[in-house]
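Below: one structure, written as structure tokens.
Counting begins at 1 with the first residue of the sequence. Remember, it's a predicted structure, so these values are computed and weren't measured experimentally.
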Amino acid sequence: NLQACSTIGFGLGLEFSSQGQDIKFMTNSNIPENNYQTFSTQLNYFRIPLTVNYAVVNHKKNIVRIYSGLNLGFAIERNDNYNDIIQESILLPPANKRYKDKDWAIPIGVNLQHTLCNNIFASIGFEQMFGLTNSFSDFGLSRFGVLSEFKNSKQNRTSINIGVGINLTK
């Protein structure tokens with residue numbers, strides 16, 4: 001965090017985010033037990049959050065901040081089980097081509113930071129991230145078959161964050 005004044009600051013970070021979803025749906029299989037399927041996606045990102053924070057409580061060793069800003073994610077893994085559960089004889093691009101490689105989001109959160117000693121601190125926080133990017137790629141065949149029914153694949157995330165850090169500005 002870079003403090004502009006005693007209550008307002010700016011944050012820049014690097015984080016790992018594992019996101020995805022499980023969607024249950026029915027297929028038209030000749031085998032009744034195969035009619036209920038779960039479509040699963042696994043999207044892993046390195047994320048760079050840029051936030052503005054406001055110190056609600058600023059005591060000697062404890063700081064409580066609320067924050068929001070922008071978060072840019074770079075996909076490092078994009079997988080799904082589409083080809084395993086849908087028996088369509090089509091040439092779909094691989095999962096890493098069906099999903100975009102960048103993802104924009106808005107994080108909103110609250111964080112408690114406790115100074116342990118000198119420049120070392122522990123923190124715990126709660127964050128809700130609202131996705132701005134439709135995760136499916138714009139490539140036409142990315143939304144073939146059952147995938148064409150998903151109009152909105154924006155990734156939202158709720159997280160509890162626990163960490164230890166070094167304050168470089170004191």
For [X], side-chain contact (heavy atoms from CB on, under 4.5 Å) partners two or more places apart:
{"X": "Cys117", "result": "Ile120"}
{"X": "Glu77", "result": "Asn44, Asn79"}
{"X": "Tyr54", "result": "Thr7, Ile8, Val56, Ile66"}
{"X": "Ser6", "result": "none"}

Minimum side-chain heavy-atom gap [X]-[Y] below 4.5 Å:
{"X": "Tyr99", "Y": "Asp80", "answer": "yes"}
{"X": "Tyr67", "Y": "Val110", "answer": "no"}
{"X": "Tyr45", "Y": "Ile76", "answer": "no"}
{"X": "Gln113", "Y": "Asn62", "answer": "no"}
{"X": "Ile48", "Y": "Leu12", "answer": "yes"}
{"X": "Arg65", "Y": "Val57", "answer": "no"}
{"X": "Ile106", "Y": "Ser68", "answer": "yes"}
{"X": "Phe121", "Y": "His114", "answer": "no"}

For [X] and [Y], which heavy atoms make the closest approach, and how far apart are they?
{"X": "Pro107", "Y": "Gly69", "result": "CD-O, 3.3 Å"}
{"X": "Gly131", "Y": "Ala105", "result": "CA-CB, 4.1 Å"}
{"X": "Ser40", "Y": "Asn81", "result": "N-OD1, 2.8 Å"}

Original post:
In chain order, what residues pass the side-chain hydrogen bond (donor to acceptor under 3.5 Å, both in side chains) check against Arg47, with sequence neighbours excluded?
Top reply: Gln19, Asn71, Asp103

Original post:
Going through the checks in order, is the side-chain contact (heavy atoms from CB on, under 4.5 Å) test met by Lys60 and Thr115?
Top reply: CA-CA 8 Å; Lys60 216 173 205 180; Thr115 301; over 6 Å; no

Within this structure, what is the [atom1]-[atom2] distance for the pair [X] and [Y], rounded to the nearest 0.5 Å?
{"X": "Ile166", "Y": "Asn118", "atom1": "CD1", "atom2": "CG", "value": "11.5 Å"}
{"X": "Phe74", "Y": "Ser17", "atom1": "CZ", "atom2": "OG", "value": "13.5 Å"}
{"X": "Leu112", "Y": "Asn161", "atom1": "CG", "atom2": "CG", "value": "12.5 Å"}
{"X": "Glu127", "Y": "Ile160", "atom1": "CD", "atom2": "CD1", "value": "11.5 Å"}
{"X": "Thr51", "Y": "Asn111", "atom1": "OG1", "atom2": "CG", "value": "9.5 Å"}

**OP:** State whether the side chain of Thr133 and the backbone N or O of Trp104 hold a donor-acceptor pair below 3.5 Å, judged by distance alone.
**Re:** yes

Subject >> Distance-only side-chain donor-acceptor flag, Ser18 / Gln42, under 3.5 Å >> reply: yes

Original post:
Is it the case that one hydrophobic cluster holds both Phe46 and Met129, taking links as side-chain heavy atoms less than 4.5 Å apart, direct or via other members?
Top reply: no

Original post:
Taking only residues at least two apart or on different chains, which pairs with a member in residues 104-113 satisfy salt bridge (Lys or Arg N to Asp or Glu O under 4.0 Å)?
Top reply: none

Subject >> Ion pair Glu15/Arg157, N-O distance below 4.0 Å >> reply: yes

**OP:** Dump the intermediate steps for side-chain contact (heavy atoms from CB on, under 4.5 Å) on Ile108 and Phe130, then the final yes or no.
**Re:** CA-CA 8 Å; Ile108 298 174; Phe130 300 96; 3.8 Å; yes

